[in-house]
Amino acid sequence: MKIAMIGGTGDQGIGLAVRFVKAGESVIIGSRDIKKAENTVDLIKNMLDGDEARNVIGMTSEEAAAEGDIALLTVPLQAQMVTLRNVKDHLENKILIDATVSLDGCIGGSPTRYIEVWQGSAAERSAEFLKDKNVKVVSAFNNISAASLLNIGEEVECDCLISGDDAEAKKEVITLAEKIPGVKAIDCGPLENARIVEKITPLLINLNIRNKIKLAGIRITGL
Ligand SMILES: NC(=O)c1ccc[n+]([C@@H]2O[C@H](COP(=O)([O-])OP(=O)(O)OC[C@H]3O[C@@H](n4cnc5c(N)ncnc54)[C@H](OP(=O)(O)O)[C@@H]3O)[C@@H](O)[C@H]2O)c1
């Protein structure tokens, strides 16, 4: 399975990409700028052993979306719609994993505050925009920090809370998420529950700031 990272050149995209490549998955780093994608591929290869780093290449985000079997959106809220507009035609009938968090920081405010979007959550905003292409949007990886993903010598101490309306798509995303050591993936029900899950992220950012750390995460117990 080829995973297309749309906007995969930022911290979250690189963090997820490096974990997936390390787990043996085939990853395409997508960017608006092919040179930036290629530089990110070099960065990822430098982070991994030679053998581990075979399956990562760089493309434009449009090419990556066309080439990938599954796409993962890792752009800030202010880039969400413009990015999806550019790749929409290539996502038809595919799964789009949306890691976008609707943070006030994206519009010049505080990173510890959530902002409401009309659709209820960033993931539902993607789903509304892509519904005529039968894209199965799954919200995931919103609460896992890039810092913990990039800390590749250690397991990630955070659950991956997954919301979506297509059961098969969620199963695929759960399988993918659990390839990251330490991550337990939890089916949190329909996509509308992304409204709750996305709101946890500004709380975790707040806890990082208050405790002068970078690795705050969340675990659900008792399941
Ligand atoms: N960072 C974290 O720890 C973390 C944790 C959980 C969830 N998230 C969520 O994951 C998403 C990505 O986070 P990030 O920290 O990786 O973001 P980022 O570094 O700010 O941006 C990621 C990529 O998005 C593209 N981009 C940025 N601004 C853009 C704009 N105005 N127009 C079009 N494209 C733009 C860029 O890709 P190109 O220039 O290559 O096209 C950039 O490298 C966000 O929604 C964030 O809330 C992040």
Side-chain angles (χ1 to χ4, degrees), residues 4-20 27-44 56-65 71-88 96-115 117 119 121-126 137-152 156-163 173 177 180 183 194-195 197-209 213-218:
M5 309 291 307
I6 310 300
T9 55
D11 285 348
Q12 192 69 348
I14 296 170
L16 287 166
V18 80
R19 293 288 185 160
F20 294 143
V27 172
I28 307 166
I29 299 294
S31 169
R32 291 169 292 179
D33 174 355
I34 181 67
K35 193 73 206 144
K36 194 171 167 187
E38 286 167 358
N39 289 341
T40 301
V41 168
D42 289 341
L43 184 77
I44 291 170
V56 56
I57 56 172
M59 293 183 181
T60 65
S61 284
E62 289 89 334
E63 290 167 340
L72 206 168
L73 184 67
T74 50
V75 297
L77 184 73
Q78 73 273 26
Q80 184 190 27
M81 301 317 288
V82 67
T83 305
L84 287 179
R85 209 163 282 130
N86 290 337
V87 299
K88 181 175 182 174
L96 175 77
I97 308 171
D98 196 342
T100 312
V101 180
S102 184
L103 290 177
D104 192 28
C106 297
I107 53 166
S110 165
T112 62
R113 286 187 179 163
Y114 187 82
I115 43 163
V117 292
Q119 296 82 354
S121 64
E124 288 167 279
R125 195 173 183 227
S126 289
V137 175
V138 177
S139 168
F141 303 113
N142 312 86
N143 310 138
I144 300 181
S145 73
S148 62
L149 292 165
L150 290 166
N151 193 15
I152 52 172
V156 170
E157 283 191 52
C158 187
D159 289 344
C160 184
L161 306 186
I162 293 176
S163 319
V173 179
I180 302 175
V183 169
R195 298 171 193 194
V197 175
E198 287 179 21
K199 287 193 174 94
I200 296 169
T201 303
L203 175 68
L204 294 173
I205 294 171
N206 201 323
L207 291 173
N208 275 333
I209 294 169
I213 56 166
K214 289 185 175 170
L215 302 175
I218 180 164

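Whatever order the structure lists them in is the order used to number ligands and atoms, beginning at 1.
- Within ligand 1, counting atoms from 1 as listed, the ones closer than 4.0 Å to a heavy atom of Thr9 are 36 (C), 37 (O), 38 (P), 40 (O), 42 (C), 43 (O).
- For atom 2 (C) of ligand 1, the nearest protein heavy atom (residue, atom name, distance) is Gln12 OE1, 3.4 Å.
- Between Asp11 and ligand 1, at least one pair of N/O atoms sits closer than 3.5 Å.
- Within ligand 1, the atoms closer than 4.0 Å to a non-hydrogen atom of Ala146 are 1 (N), 2 (C), 3 (O), numbered from 1 in the order shown.
- With respect to Ile144, the side-chain contact (heavy atoms from CB on, under 4.5 Å) criterion is satisfied by exactly one of Leu149, Leu161, Leu204: Leu149.
- Put simply, the residue from Val18, Thr40, Ile29 that forms a side-chain contact (heavy atoms from CB on, under 4.5 Å) with Val56 is Ile29.
- Counting only non-hydrogen atoms, the option in Asn208, Asn142, Thr201, Thr74 that gets closest to atom 7 (C) of ligand 1 is Asn142.
- In the candidate list Leu103, Val75, Leu73, Ile14, Val75 is nearest to atom 44 (C) of ligand 1, counting heavy atoms.
- Residue Gly7 has at least one heavy-atom neighbour below 4.0 Å for each of these atoms of ligand 1: 22 (C), 23 (C).
- Considering every non-hydrogen atom in both Ala122 and Thr100, the closest pair reads CB-O, 3.6 Å.
- Judged by distance alone, the side chain of Ser102 and the main-chain N or O of Ile115 form a donor-acceptor pair under 3.5 Å.
- Of all the atoms in ligand 1, the ones that sit under 4.0 Å from a non-hydrogen atom of Ala79 are 29 (C), 30 (C), 32 (N), 33 (C), 34 (N), 35 (C).
- The Lys36 neighbourhood of ligand 1 comprises atoms 36 (C), 37 (O), 38 (P), 39 (O), 40 (O), 43 (O), with distances under 4.0 Å to a heavy atom of that residue.
- What you find for Ala64 and Gly30 is that their closest heavy atoms are CB-CA, 4.0 Å.
- Shortest contact from atom 17 (O) of ligand 1 to any protein heavy atom: Pro76 CD, 4.0 Å.
- Every atom of ligand 1 is numbered from 1 in the order shown, and the set under 4.0 Å from a heavy atom of Ser145 is 3 (O).
- Side chain to side chain, Ser139 and Glu198 fail the donor-acceptor criterion of an N or O pair below 3.5 Å.
- At the shortest separation from atom 32 (N) of ligand 1 among protein heavy atoms lies Arg32 NH1, 3.2 Å.
- Remark: minimum distance from atom 19 (O) of ligand 1 to any protein heavy atom is reached at Gly10 CA, 3.3 Å.
- Val87 and Ser61 make their closest contact through CG1-O, 3.6 Å (heavy atoms, listed as atom of the first residue, atom of the second, distance).
- Nearest approach of Gln119 to Arg195, heavy atoms of both residues: O-NH2, 3.5 Å.
- In summary, the atoms of ligand 1 found under 4.0 Å from a heavy atom of Ser31, numbered by their order in the structure, are 38 (P), 40 (O), 41 (O).
- Residue, atom and distance of the protein heavy atom nearest to atom 9 (C) of ligand 1 are Ala99 O, 3.3 Å.
- Taking all atoms of both residues into account, the shortest heavy-atom contact from Leu84 to Leu96 is CD2-CD2, 3.9 Å.
- Nearest heavy atom pair, residue Ala147 against residue Leu215, reads C-CD2, 3.7 Å.
- Remark: ligand 1 atoms within the under-4.0 Å shell around heavy atoms of Thr100 are 45 (O).
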